[in-house]
Asker: 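There's a structure below that I have some questions on.
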Amino acid sequence: MDKKPKKKQSILRNNGFQTILASLLCIIIGLLIGYIVLLIINPKGAGKAIVAILKNFLYYPSAVAAKKYLGTTLVKASALLMCALSVLFAYKVGLFNIGAAGQYVVGAGACLYFGLKFDMPWYICLLAAMLAAAIVGGISGALKAYFNVNEVISCIMLNWTSLYCVNMLLTGVKEQSTPYTRPLSSVNKDALLPTMGLDKLFSNNQFVTIGIVFSVLIAIVVWIVMEKTKFGYELKATGLNKQAAKYCGMHEKSNTILTMMIAGGLAGLGAGIFYLSGIEQWMVQQTSVPAMGFNGIAAAFLGGLNPIGTIFSSYFIQHITSGGTYVDKTMYCSQISDLISAFIIYMCGFVLFFKIWLNRYLDKRDEKRAAKEQEGGEA
């Protein structure tokens, strides 16, 4: 019997393509709303402001300067990527890890303390950041598994607890005349991540290290684990239905704890990649949790909750965030880029709606085509 050839599926039906299309639509609408807000604040400089935000390092006419600041953006984006992966990993298992910010803080405190107090090399500091943050994440996981404490509540409380504990810890390794920790470049150069020649690619930007490459590799590993392994399947099954997972012999409580520990470890790794590059010192008097962990939530959702998509969304969010520093401060505040990011992320809430609408439109279109083909065949 002759088999009828299968019809090729429209690219519009592809889930990945739909996610990309929806994300791009969110970005365009978010930028448009941001531009309208700039017009309301001060119409004279709105055009230049939105261009400055989008250009970021391209603001510099010199290619050398542009490359250098591109490297700085990539360093920050790599840390943001790890926080996004932290949120994404937990979300895939049915948990909302809003504690990535606090886990990032703990990771920063651990790597800096080991590097400045004990003169440890970079790989030990990086491991310390991962383990410390994983423990904090595991606390939220254990509260969820054994006492059914909502992870959002426990994570928020731990965010602030982590911040003040790290401030107290790092007070012992701060400079005498400033509220900042001592620079690793002068105290313990072995704690700095190796550059492996990457700094030369970005106009000798000393902050560009192997952390950039490492973060991308971690994103690929997370994708493989979640999509191609039995371990990842068990974690996702636990998140979808704990009772069913338990019935199938899966350890739902230990899976919940393990998920939050891995998520915490990823956020801590992001902090290690950032602070062990030497790009920034910790201020022990700060009273707000760094925005990197919260921005990770935005990057995860803008990337369609896909580890590979998150690589690009993390860079984009960091790109426009850094671009906000080039806005004319006499007209607008530098946080205007954060406001535009917020608009984009808010629009991400309509990604699912867009997919549903698109699929319904395609279904109706296919039904009309099938009806016309049937009428033609009968004729």
Side-chain angles (χ1 to χ4, degrees), residues 57 65 68-69 71-80 83 101-133 136 158-195 199 202-209 211 267-295 318 321-322 324-327 329-330 333-335 337-338:
F57 57 85
K68 184 175 182 178
Y69 284 95
T72 301
T73 300
L74 289 175
V75 172
K76 295 178 179 179
S78 61
L80 178 58
C83 291
Q103 294 149 15
Y104 177 86
V105 167
V106 170
C111 69
L112 288 174
Y113 194 76
F114 270 70
L116 296 171
K117 185 70 173 180
F118 303 118
D119 295 327
M120 292 293 177
W122 65 270
Y123 48 88
I124 299 295
C125 295
L126 207 59
L127 185 62
M130 291 176 61
L131 291 176
V136 174
L158 283 170
N159 282 347
W160 296 101
T161 304
S162 301
L163 175 65
Y164 296 124
C165 287
V166 167
N167 280 347
M168 288 189 293
L169 178 70
L170 295 182
T171 299
V173 291
K174 80 176 189 70
E175 294 178 322
Q176 292 182 353
S177 57
T178 72
Y180 293 93
T181 54
R182 297 197 297 268
L184 287 170
S185 57
S186 60
V187 177
N188 180 17
K189 289 186 178 180
D190 290 337
L192 294 172
L193 291 169
T195 60
D199 55 332
F202 297 92
S203 303
N204 293 319
N205 188 331
Q206 60 182 337
F207 306 126
V208 178
T209 67
L269 185 59
I273 288 173
F274 184 74
Y275 283 96
L276 295 180
S277 68
I279 194 171
E280 193 173 302
Q281 297 164 263
W282 183 271
M283 187 178 75
V284 300
Q285 294 178 0
Q286 61 182 307
T287 57
S288 60
V289 180
M292 193 71 76
F294 295 118
N295 289 345
Q318 188 56 56
T321 300
S322 298
T325 60
Y326 303 112
V327 172
K329 303 302 187 300
T330 61
C333 64
S334 60
Q335 286 79 14
S337 61
D338 294 330

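Since the model is a prediction, treat every value here as computed from it, not as a measurement.
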Asker: Specify the closest pair of heavy atoms between Cys125 and Leu276, including all atoms of both residues, with the distance to one decimal.
Answerer: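 Taking Cys125 first and Leu276 second, the nearest heavy atoms are CB-CD1, 3.8 Å.
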Asker: Let's go through Phe57 and Thr72 carefully: what are the C-alpha distance in whole Å and the side-chain angles of both, what is the deciding distance for side-chain contact (heavy atoms from CB on, under 4.5 Å) to 0.1 Å, and is it a yes or a no?
Answerer: CA-CA 9 Å; Phe57 57 85; Thr72 301; over 6 Å; no
Asker: Ala129: what forms a side chain to side chain contact (heavy atoms under 4.5 Å, CB included) with it, not counting sequence neighbours?
Answerer: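 Per chain and number, Ala129 pairs via side chain to side chain contact (heavy atoms under 4.5 Å, CB included) with Cys111.
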Asker: Using side-chain contact (heavy atoms from CB on, under 4.5 Å) as the criterion, point out the one residue from Leu74, Val75, Asn295, Thr73 that pairs with Gln318.
Answerer: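 The single option meeting the side-chain contact (heavy atoms from CB on, under 4.5 Å) with Gln318 is Thr73.
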Asker: Could you go through Asp119 and Asp190, starting from their C-alpha distance and side-chain angles, then the distance that decides it, and tell me whether this counts as side-chain contact (heavy atoms from CB on, under 4.5 Å)?
Answerer: CA-CA 8 Å; Asp119 295 327; Asp190 290 337; over 6 Å; no
Asker: If I compare all heavy atoms of Val105 with all of Leu163, which pair ends up nearest, and what's the gap?
Answerer: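 Answer, listing the atom of Val105 first, then Leu163: CG1-CA, 3.8 Å.
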Asker: Which pair of heavy atoms, one from Gly268 and one from Ala133, lies closest together, and at what distance?
Answerer: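 Here Gly268 and Ala133 meet closest at CA-CB, 3.5 Å.
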Asker: Applying side-chain contact (heavy atoms from CB on, under 4.5 Å), run through Asn167 and Gln286 and close with a yes or a no.
Answerer: CA-CA 8 Å; Asn167 280 347; Gln286 61 182 307; 4.1 Å; yes
Asker: Using the side-chain contact (heavy atoms from CB on, under 4.5 Å) rule, take Leu192 and Thr209 through it: C-alpha gap first, then chi angles, then the decisive distance, then the call.
Answerer: CA-CA 9 Å; Leu192 294 172; Thr209 67; over 6 Å; no
Asker: Once rounded to the nearest 0.5 Å, what's the spacing between atom CH2 of Trp282 and atom CG of Leu169?
Answerer: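 Interatomic distance, Trp282 CH2 to Leu169 CG, rounded to 0.5 Å: 10.5 Å.
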Asker: Output the distance between atom OG (Ser288) and atom CE (Met283), rounded to the nearest 0.5 Å.
Answerer: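 The CE atom of Met283 is 7.5 Å from OG of Ser288, to the nearest 0.5 Å.
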Asker: For the residue pair Leu126 and Leu193, what are the closest heavy atoms and their distance?
Answerer: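 Where Leu126 meets Leu193 most closely, the heavy atoms are CD2-CD2, 4.4 Å.
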Asker: Please tell me if the side chains of Gln206 and Asp199 come closer than 4.5 Å, counting only heavy atoms from C-beta onward.
Answerer: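 No - every pair of side-chain heavy atoms lies 4.5 Å or more apart.
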Asker: Out of curiosity, Asn205 CG to Tyr69 OH, how far, rounded to the nearest 0.5 Å?
Answerer: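 It is 9.0 Å, given to the nearest 0.5 Å.
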Asker: Counting heavy atoms not belonging to Lys68, are there more than 12 under 6.0 Å from its NZ?
Answerer: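 No, not enclosed.
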Asker: Atom CD1 in Ile273, atom SG in Cys83: separation rounded to 0.5 Å?
Answerer: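 Interatomic distance, Ile273 CD1 to Cys83 SG, rounded to 0.5 Å: 9.5 Å.
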Asker: Would one find more than 12 heavy atoms of other residues, nucleotides or ligands at under 6.0 Å from atom OH of Tyr123?
Answerer: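 Not buried by this count: 12 neighbours or fewer within 6.0 Å.
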Asker: How many angstroms lie between CG in Leu112 and OH in Tyr275, if you round to the nearest 0.5 Å?
Answerer: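 Result: 7.5 Å between the selected atoms.
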Asker: Which residues pass the side chain to side chain contact (heavy atoms under 4.5 Å, CB included) test with Leu127, not counting sequence neighbours?
Answerer: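 Testing Leu127 for side chain to side chain contact (heavy atoms under 4.5 Å, CB included), a comparison that skips the adjacent residues, returns Leu131.
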Asker: Rounded to the nearest 0.5 Å, how far does CZ of Arg182 lie from CG of Leu170?
Answerer: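 Answer for the CG-CZ pair, Leu170 versus Arg182, is 10.5 Å.
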Asker: Would one find more than 12 heavy atoms of other residues, nucleotides or ligands at under 6.0 Å from atom CZ of Phe114?
Answerer: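 No, the 6.0 Å shell around CZ holds no more than 12 heavy atoms from other groups.
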Asker: Please name the pair of heavy atoms, one in Asn188 and one in Gly115, separated by the smallest distance, quoted to 0.1 Å.
Answerer: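 In this case the closest contact between Asn188 and Gly115 is ND2-O, 3.0 Å.
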Asker: Could I get the full list of side chain to side chain contact (heavy atoms under 4.5 Å, CB included) partners for Gln281, not counting sequence neighbours?
Answerer: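 For Gln281, the residues satisfying side chain to side chain contact (heavy atoms under 4.5 Å, CB included) (neighbours in sequence not counted) are Glu175, Tyr180, Thr181, Pro183.
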Asker: Would you please indicate yes or no on a ring centroid separation below 6.0 angstrom for Phe118 and Tyr113?
Answerer: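 Ring centroids of Tyr113 and Phe118 are less than 6.0 Å from each other.
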Asker: Can you confirm whether Phe294 sits close enough to Tyr104 that some side-chain heavy atom of one is under 4.5 Å from a side-chain heavy atom of the other?
Answerer: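 With C-beta onward as the side chain, the pair stays apart.
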Asker: Taking all atoms of both residues into account, what is the closest heavy-atom pair of Lys329 and Tyr326, and its distance?
Answerer: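 Shortest heavy-atom contact: NZ-N, 4.1 Å.
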